[in-house]
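Scope of the values below: all heavy atoms of this structure, side chains included, with no hydrogens, waters or symmetry mates. Atoms within each ligand, like the ligands themselves, are counted from 1 in listed order.
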Amino acid sequence: MTTKKTNLSDYNPDMIPSGKNFNIGIVVSEWNPTITNSLLDGAYSTLVDLGVERNNITVEHVPGSFELPTGAKLMLKYGKYDAIICLGCVIQGETRHFDFICDAVANAIAQLAIDENKPVIFGVLTTNDMQQAIERSGGKHGNKGVEAAVTALKMAALKERIKQSEKK
Ligand code: DLZ
């Protein structure tokens, strides 16, 4: 079976839950900053477009993608958030750093979300080269920051829905 490549950033706002009552944290890696800043722009503007108050969006920076799970965990420990979005860009190099970082970050983010019962969103580009990263941070393949923001609102709304239905 083949998979058709689609631009996942083309979302229908009518199908996304409103962000009006949500408090969202964003953790951004400083490595490959031109890319991560574009991811941040995409995520931030999407949250605002979908109704999240600017006052209810907090952005924190960490040195590299490896530090994203710790940044997210600290935000959850000391703040009140409905979801955390982790944004980073790891580019394949000559070393095995790539595999170590990608595996560690993906596993830690998944585990954190499960442990904390909170959506922690993996908005990390893992690409072969800079060109692929450009194409996925506001280029021809969309913006993974936009997709991460949409995912955060969907998951925050899912949690609220399940919580409310369990109360009945
Ligand atoms: C060390 C490193 C390397 C080689 N490449 C990247 C990268 O492409 N993207 C990224 O976000 N971070 C990279 N880092 C830094 C690590 O994520 C981490 O900050 C350091 O190993 C210190 O823990």
Side-chain angles (χ1 to χ4, degrees), residues 3 5-11 19 22-50 52 54 56-79 81-156:
T3 307
K5 276 193 183 166
T6 52
N7 182 338
L8 297 173
S9 302
D10 288 339
Y11 65 91
F22 290 137
N23 205 5
I24 309 290
I26 306 179
V27 199
V28 194
S29 161
E30 289 168 350
W31 262 72
N32 303 311
T34 52
I35 302 296
T36 57
N37 284 335
S38 297
L39 297 176
L40 176 58
D41 286 348
Y44 195 99
S45 59
T46 301
L47 292 174
V48 171
D49 288 350
L50 291 171
V52 183
R54 287 177 191 274
N56 290 339
I57 305 174
T58 305
V59 179
E60 299 287 355
H61 287 82
V62 292
S65 291
F66 192 79
E67 285 72 39
L68 286 169
T70 312
K73 181 155 187 159
L74 290 170
M75 290 186 88
L76 287 173
K77 182 170 168 64
Y78 296 109
Y81 297 101
D82 297 293
I84 303 285
I85 298 170
C86 297
L87 300 175
C89 172
V90 193
I91 297 180
Q92 176 81 286
E94 297 296 310
T95 71
R96 293 185 62 205
H97 254 104
F98 180 82
D99 297 319
F100 288 133
I101 293 172
C102 295
D103 287 352
V105 174
N107 290 332
I109 287 176
Q111 196 57 52
L112 180 62
I114 292 165
D115 290 348
E116 301 284 334
N117 293 317
K118 282 276 165 78
V120 183
I121 310 303
F122 184 76
V124 181
L125 290 173
T126 57
T127 63
N128 291 329
D129 53 42
M130 180 56 86
Q131 186 54 34
Q132 286 185 347
I134 291 167
E135 288 166 0
R136 288 159 179 77
S137 57
K140 68 179 177 184
H141 291 307
N143 185 327
K144 197 170 180 71
V146 172
E147 294 162 30
V150 168
T151 306
L153 295 186
K154 283 184 170 177
M155 290 303 293

* Asked: Do protein heavy atoms approach atom 17 (O) of ligand 1 to less than 4.0 Å?
  -> yes
* Asked: Atoms of ligand 1 less than 4.0 Å from I91 heavy atoms?
  -> 8 (O)
* Asked: Would you call T58 and Y81 a side-chain contact if the rule is heavy atoms closer than 4.5 Å?
  -> yes
* To do: Look at atom 9 (N) of ligand 1 and find which of P33, S29, S65, C89 reaches it with the closest heavy atom.
  => C89
* Top protein contact for atom 5 (N) of ligand 1, by heavy-atom distance -> W31 CZ3, 3.2 Å
* **Within 6.0 Å of CZ in F66, more than 12 heavy atoms from elsewhere** => no
* Structure fact -> Check: of M130, H97, E67, min heavy-atom distance to atom 4 (C) of ligand 1 comes from H97
* Structure fact -> Near I101 (heavy-atom distance under 4.0 Å), the atoms of ligand 1 are 2 (C), 3 (C), 13 (C), 14 (N), 16 (C), 17 (O)
* Structure fact -> Counting from 1 in the order shown, the ligand 1 atoms closer than 4.0 Å to a non-hydrogen atom of F66 are 16 (C), 17 (O), 18 (C), 23 (O)
* D82 (side chain) donor-acceptor with N23 (main chain) under 3.5 angstrom -> yes
* With a 4.5 Å heavy-atom cut-off, do V120 and L76 have their side chains touching? -> yes
* Structure fact -> Residues V28 and V59: closest non-hydrogen pair is CG2-CG1, 3.9 Å
* Side-chain heavy atoms of V90 within contact of L125, under 4.5 Å -> no
